[in-house]
Amino acid sequence: MSDRHHGKVKIHQMKPCGEAEDEEPGSSPSDPTPGPGSSDLPTLRRRSRSKPDPDAGSGRGPAGKNLNSPGCEQTLEVKGTGKVPHGKSETNGNYVAVQEGRSILEPRCQEGLRKRRAVTVDTSKAKTSLEALKLSIKQLKWKEFPLGRRAPCDIYWHGVSFHDNEHIVSGQVNKFPGMVEMLRKINLSRAMRTMQQLFPEEYDFYPRSWILPEEYQQFSAQIRLGKENETTLTPTFIVKPDGGSQGDGIYLIRDPSDLKLMVGSQAKQAVVQEYIPKPLLIDKLKFDIRLYVLIRSLEPLEIYIAKEGLTRFCTEPYQEPSQKNLSHVFMHLTNYSLNVHSGNFVHSDSQSTGSKRTLSSVLYRLAAKGVDIKRVWSDIIALVIKTVIAVVPELKVYYQADIPPGKPGPTCFQVLGFDILLMKNLKPVLLEVNSNPSMRIEHEQEVAPGVFEYVPSPVDEEVKVGVIRDTLRLMDPFNKKPALVSQLKPGGFEAEEIPVNPESQSRSPDEMGNLPSLCLKQVYPKYTKQFNYLRLVERIAALFIRFLGVKGNMRLGPTAFRTFIRTCKLSSSSFSMASVDILYIDITRRWSCAVPDSREAGMGPQAFIEAFFYLAGRRFKSLALREQVAALLSLCESQLGPPLSAEDRRSLSCSRALLRPIRTQTLCPPHPQLGSPASQRRAASHQRLKPRTLRANVEN
Ligand code: ADP
């Protein structure tokens, strides 16, 4: 929350909300908790909370065998290595899951043996998610370590980034390394543009964007051209500072000359984007959707979407942009953090009125008006899957740099906040993705003129506690099971379950302590067949990772690039190794100007993708870009043999010489005082991130 909006701010430390409710009996720790791979029922009805949920993990394995039931084998099975006896924790003598490397093994049998120990959660770095997290842990009857713990925990909940706690070698962290960097506005725009180049129709849900200052000329030229061709329509653009949040520094323009390009003597890094002039309105107000999305795993990719989200409303009736109203932030920007300071902001305990409402209440209202919300929900799911597919390639590069195969480290998962606008024609548009969506369950209220307090927000609590609790349920280390893939044929895609409930029933445990059905629904790999063809860039990233030389590095040196060309047999009489060097220098230089504060020399993943597109164009001139890239990928992969699986990489990485015979020669040696490339990058990224970005869990 920005202090600039009000003079005096009084912040009360809130007592955890809903404690009385929490004291009611929860589920037994040995209760089977849900796992992924649910089979959704094609229904519009909301299911009763007290009924057993077919989605909620039955503890059944893929073959339908209940892994938790008495009578199963009294052993733990080590994947691929046979069976070993149960382990006992050295510190507390409790039943533990044995870990080998980073894969957590599954207890094959719990009931009938002894009561499983409670899952442990380190909440010492949870920051503003703490209240919602505490409630969730309490509902699950897990064990919280608010001051951290000397012995490893099963789960570490971080408020800002993967690095909030350093030196975690096991368990699971709720952040991926590199996610903050990846989702900054410029990086997200670049990733989306790469996908738009390959799949223009599939990625038309992201508004046309230009990166400043680098693309100022292209932006100006396009606008001039647009004006010449279309004299009646004056388009509007929205300018967003890179790394900004909560609407900070955002402004609308209608002419490139209105851009504020400099801060002092420095060029401002920003994204300028086509402004959507005709959003869908409710009660004459513009609103946007905050959707919570869980990336449960990168390899294999597993994505879950929360059926319940929030909608944030503007506080001034909407008018299409005109020169006169461009500065009316309460009309054009839906940010909660801005609108809460408008005199018109309505705090409401009801989920279907006020300036912040549940998504289901809005969908219900639209359904009542005859809107095909099944279509809308399917489009939203498709938007989410496509966006995740766009960011995963670079994320994998970050991941291997921070947790190289073979190095002990935690596994990661992350809840992201997708901001989505519905256009008047009901098409969803992606505004941005937040790596740290606010999990606050209190909101600021002006209790006297100029005096603000945090008071409980039932709408936030309802939605956010559900998201955190169900994320934890899915990450329960004792209930891992493989995700199921939908049997639907490729092509047609329709979501099977739609979140519509007028005034959603409480998602807290009932009187018997039974947890409600999972609010997180798996969408990937469930819909793999419909979206897998989009995962081309990930294959380019896999090549990039394969040729990276130095452990923890994210940049390809010139020698490694040459080795890539040679190994994949991409040079020829018309494309000599000298041309390869020129290509490397040309692209690397351009990208080092585009990312001027990067301390690592060499070719980054985005530059490599550009080089790959170029090589594909040279080699397969007659094809369209997508086919060119696919053909070059097949060629490279056939030269290299089958891609290494995560397991292969892990076992090979104990001898890194085996995996990577190529030593990278970087253009500039790393700074001696900065240590490993990963730690340099961390230092650089912390320097790069403005204080606002580093703040935990901003509410938009
Ligand atoms: P921030 O991270 O600062 O919140 P956003 O990208 O979410 O930045 O933009 C802030 C607000 O501006 C959004 O919540 C939305 O209301 C509005 N907005 C952003 N992009 C567009 C766009 N392309 N068209 C229309 N409105 C937009």
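Ion pair Arg590/Glu610 flagged as a salt bridge, since at least one NZ, NE, NH1 or NH2 atom sits closer than 4.0 Å to an Asp/Glu carboxylate oxygen. In summary, Arg312 and Asp288 engage in a salt bridge, as defined by a charged side-chain N under 4.0 Å from a carboxylate O. Under a 4.0 Å N-O distance rule, the pair Glu320/Lys424 does not qualify as a salt bridge.
Side-chain N/O atoms of Arg184 and Gln269 include no donor and acceptor closer than 3.5 Å. In summary, the side chains of Lys175 and Asn436 do present a donor paired with an acceptor at a separation below 3.5 Å, with no hydrogens or angles considered.
A donor-acceptor pair under 3.5 Å is formed between the side chain of Ser638 and the backbone N or O of Leu635. When atom types are taken as modelled, the side chain of Arg546 and the backbone of Leu640 share a donor-acceptor pair closer than 3.5 angstrom. In terms of modelled atom types and a separation under 3.5 Å, the side chain of Gln414 and the main chain of Ser435 share a donor-acceptor contact. A donor-acceptor contact shorter than 3.5 Å links the side chain of Glu308 to the backbone of Ser360. At distances below 3.5 Å, at least one donor-acceptor pair connects side-chain atoms of Thr567 with backbone N or O atoms of Thr563. A donor-acceptor pair under 3.5 Å is absent between the side-chain atoms of Asp419 and the main chain of Leu431, judged by distance alone. Formation of a donor-acceptor pair under 3.5 Å by the Asn339 side chain with backbone atoms of Asn335 is found in this model. Side chain of Asp372 to main chain of Arg375: a donor-acceptor pair is present (N/O by atom type, distance under 3.5 Å, no hydrogens or angles). Between the side chain of Gln628 and the backbone N or O of Leu615 there is no donor-acceptor pair closer than 3.5 Å. For the pair Arg296 (side chain) and Leu474 (backbone), a donor-acceptor distance under 3.5 Å is present.
Scanning for side chain to side chain contact (heavy atoms under 4.5 Å, CB included) contacts around Ser573 gives an empty result, with sequence neighbours left out. Listed by chain and number, the residues in a side chain to side chain contact (heavy atoms under 4.5 Å, CB included) with Leu281 are Pro279, Lys286, Tyr318 (sequence neighbours excluded).
With values rounded to the nearest 0.5 angstrom, Ile587 atom CD1 is found 12.5 Å from Ile582 atom CD1. Here the CZ atom belonging to Arg357 is positioned 12.5 Å from the CG atom belonging to Leu310, to the nearest 0.5 angstrom. Note that CG of Asp242 and CG of Leu188 are 10.5 Å apart. Values are rounded to the nearest 0.5 Å. Separation of atoms OG (Ser378) and CD (Gln530) is listed at 10.5 Å; rounding is to 0.5 Å. In this structure, Trp591 CH2 and Arg555 CZ are separated by 10.0 Å, a value rounded to the nearest 0.5 Å. Here the straight-line distance linking atom CD of Glu202 with atom CD1 of Ile389 works out to 10.5 Å at 0.5 Å rounding.
In this structure, Arg535 and Tyr524 approach most closely via the heavy-atom pair NH1-OH, 3.0 Å. A pairwise comparison of heavy atoms in Phe547 and Leu556 identifies O-CD1, 3.4 Å as the closest pair.
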- Task: Take Tyr398 and Phe162, measure what ring-ring contact (aromatic ring centres under 6.0 Å, His included) needs, and give me the verdict at the end.
- Result: CA-CA 11 Å; Tyr398 275 105; Phe162 175 76; over 10 Å; no

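Note that Lys386 lies outside the cation-pi zone of Phe205, set by a 6.0 Å cut-off to the ring centre and a 45° limit from the axis. Under the 6.0 Å distance and 45° angle rule, Arg562 does not count as a cation-pi partner of Tyr584.
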